[in-house]
Amino acid sequence: MTFDLAADLEKRRQQHRFREPLVMDGPCGRVARLAGRDYLNFCSNDYLGLANDPEVVAAFQQAAGSWGVGSGASHLVCGHQRPHQDLEEALAAHTGRERALLFSTGYMANLGVMSALLGKSDAVFEDRLNHASLLDGGLLSGARFRRFAHNDPTALERLLQRSDARRKLAVVDGVFSMDGDEAPLAALANVCEANDAWLMVDDAHGIGVLDEQGRGSLFSQGVNDRVQVLMGTLGKGQGTGGAFVAGSHELIETLIQFARTFIYTTAMPAAVAAATLTSLKKSQQEHWRREKLAELVTRFRAGASELGYTLMDSQTPIQPILIGSDADAMALSAALREKGFLITAIRPPTVPEGEARLRVTLSAAHERADVDALLAALDEVGCRTSDA
Ligand SMILES: *Cc1c(COP(=O)(O)O)cnc(C)c1O
């Protein structure tokens, strides 16, 4: 039989790589309700605790009352409503750029930008650990595709020097999604400037979280004027959904004309844009959210390393515990579930072979006592490290 799907599924199961969605019976927050039980949630990307914030929810409800639910069309037909325009202007101001453009998801933003900027005569250079959507965007663009060693500007420079492509675009995550470490943006910008390349940063996990006002990696690292393309998502720290690209007037105009994932899709509901305007304001003004997060990160790192767990080189709310084998990661996740903690195991191909991990994420929605409870549970389930 040509389509022997059952065999492929069975193989996936044997490898401990079978994935299935959990059915959550409540909103995203500190507590996750699942199959009649409440768990402390340590695996969402709702870093600032805004996904179910009462003011953000009220803004959404009010906007649904004024604007309805569906936008009814793509931005270029008649789906671009006032809240979309207001949010684009607010995001441009927030990120210190001439303009910003909304996309329905971060995945689509990355595909759209890279396809609009690159073609056959061009080349794209990607960090090995870039998010799947950046890798897919690079491949889909038809440009020559090169990967360089993780966080290694020298490796990037070697590739750039050998390239005679018309346009050269280097692309990195600002904060790497499965490791939590940050790209060395100033060093990468140096290499790009010296080699006539543009730099694009996907700051899905930095926007809202890094920098005093939540403006992300480019501000916390002081390189905003040296990065030509900034992509940010709204479904993580901002707590809503969708994504944006920010940059020069010419960049945004190019995306409007040529980014197919912008042109040929329905605009996000205006109520999502309106809710995001509120969450953006809250993320700018409510510094306590970032301060609390930083305190929880420090507390978790100190406690987990004392217990002998292998942490990664991360100062962000992404604090993975490196386990190694898929089966061990699944077992630890299950043992913690038993004790009332929801932390999914992340396995290949999302992470490299032999680097399965528990991707612990912290949120301003957590309390200090929650982190202490997690540490106590980790103590009880025993220490497993990558070489165990
Ligand atoms: C989540 C994520 C995306 C995709 O964003 P969505 O809005 O969820 O589609 C892109 N890049 C990175 C680094 C991400 O973590």
Side-chain angles (χ1 to χ4, degrees), residues 19 21 28 43-48 50-51 84 87-88 91 95 100-115 124 126-141 147 150-151 169-183 185 188 199-210 216-218 220 227 229-246 255 259-262 265-269 272-273 275-276 279-280 283 312 314 316-320 344 346 349-352 357 359-363:
R19 301 161 182 235
C28 177
C43 58
S44 88
N45 300 313
D46 179 25
Y47 306 119
L48 299 181
L50 290 169
H84 298 116
L87 179 57
E88 286 179 349
L91 287 167
T95 57
L101 189 71
L102 288 176
F103 284 81
S104 294
T105 72
Y107 198 111
M108 290 170 63
N110 283 336
L111 297 196
V113 171
M114 293 162 89
S115 303
V124 59
E126 302 215 20
D127 187 291
R128 281 207 159 276
L129 297 189
N130 273 358
H131 190 261
S133 59
L134 290 174
L135 302 175
D136 292 355
L139 292 169
L140 185 71
S141 74
R147 296 170 84 171
H150 177 52
N151 276 353
L169 181 69
V171 186
V172 295
D173 284 21
V175 174
F176 286 85
S177 53
M178 296 301 139
D179 294 59
D181 58 342
E182 295 159 66
L185 295 177
L188 291 167
L199 181 56
M200 167 174 173
V201 176
D202 170 343
D203 211 19
H205 301 274
I207 287 289
V209 173
L210 299 177
S217 306
L218 306 193
S220 66
V227 173
V229 186
L230 164 63
M231 191 287 273
T233 61
L234 305 171
K236 290 165 181 162
Q238 297 302 147
T240 58
F244 67 94
V245 175
L255 298 182
R260 296 168 64 86
T261 59
F262 170 79
T265 199
T266 302
M268 68 163 66
V272 173
T276 308
S279 80
L280 180 64
S283 72
M312 307 190 81
S314 163
T316 68
I318 302 169
Q319 289 294 330
T344 44
I346 305 284
T350 307
V351 293
R357 65 198 65 175
R359 182 175 177 271
V360 175
T361 53
L362 297 163
S363 166

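In each ligand, atom 1 is the first atom listed, and ligand 1 is the first ligand listed. What you see is a predicted model; the values in this text were computed from it and never measured.
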Considering only protein heavy atoms, which is closest to atom 6 (P) of ligand 1, and at what distance to one decimal place?
-> G106 N, 3.3 Å

State the atoms of ligand 1, each with its element, that fall below the 4.0 Å cut-off from a heavy-atom position in H205.
-> 14 (C), 15 (O)

Would you mind reporting whether Q319 and L362 have side-chain heavy atoms less than 4.5 Å apart?
-> yes

Between T105 and ligand 1, find which residue part has any heavy-atom pair under 4.0 Å and reply side chain, backbone, both or neither.
-> both

Contacts of P320 that satisfy side chain to side chain contact (heavy atoms under 4.5 Å, CB included) - sequence neighbours left out | M312, I318, R357

Show which atoms of ligand 1 fall inside a sub-4.0 Å distance from at least one heavy-atom site of S177.
-> 15 (O)

Residues forming a ring-ring contact (aromatic ring centres under 6.0 Å, His included) with F244, sequence neighbours excluded = none

For A183, does its backbone N or O pair with a side-chain atom of D173 as donor and acceptor, under 3.5 Å?
-> no

Contact partition for A243 relative to ligand 1, non-hydrogen atoms under 4.0 Å = neither

Can you pull out the closest protein heavy atom to atom 2 (C) of ligand 1? Residue, atom name and distance to 0.1 Å, please.
-> K236 NZ, 2.3 Å

Identify the closest protein heavy atom to atom 13 (C) of ligand 1: which residue and atom is it, and at what distance?
-> D202 OD2, 3.3 Å

Among all protein heavy atoms, pick out the one at the shortest distance from atom 4 (C) of ligand 1; state its residue, atom name and that distance to 0.1 Å.
-> Y107 N, 3.6 Å

Numbered atoms and elements of ligand 1 in range of T233, under 4.0 angstrom, heavy atoms = 5 (O), 7 (O)

Proximal ligand 1 atoms for S133, defined as those under 4.0 Å from one of its heavy atoms = 10 (C), 11 (N)

Close side-chain approach of E126 and M114, heavy atoms under 4.5 Å = yes

At their closest point, which heavy atom of M268 faces which heavy atom of G241, and how far apart are they?
-> CE-O, 3.8 Å

Should T261 and T105 count as side-chain neighbours, where that means a heavy-atom distance under 4.5 Å?
-> no

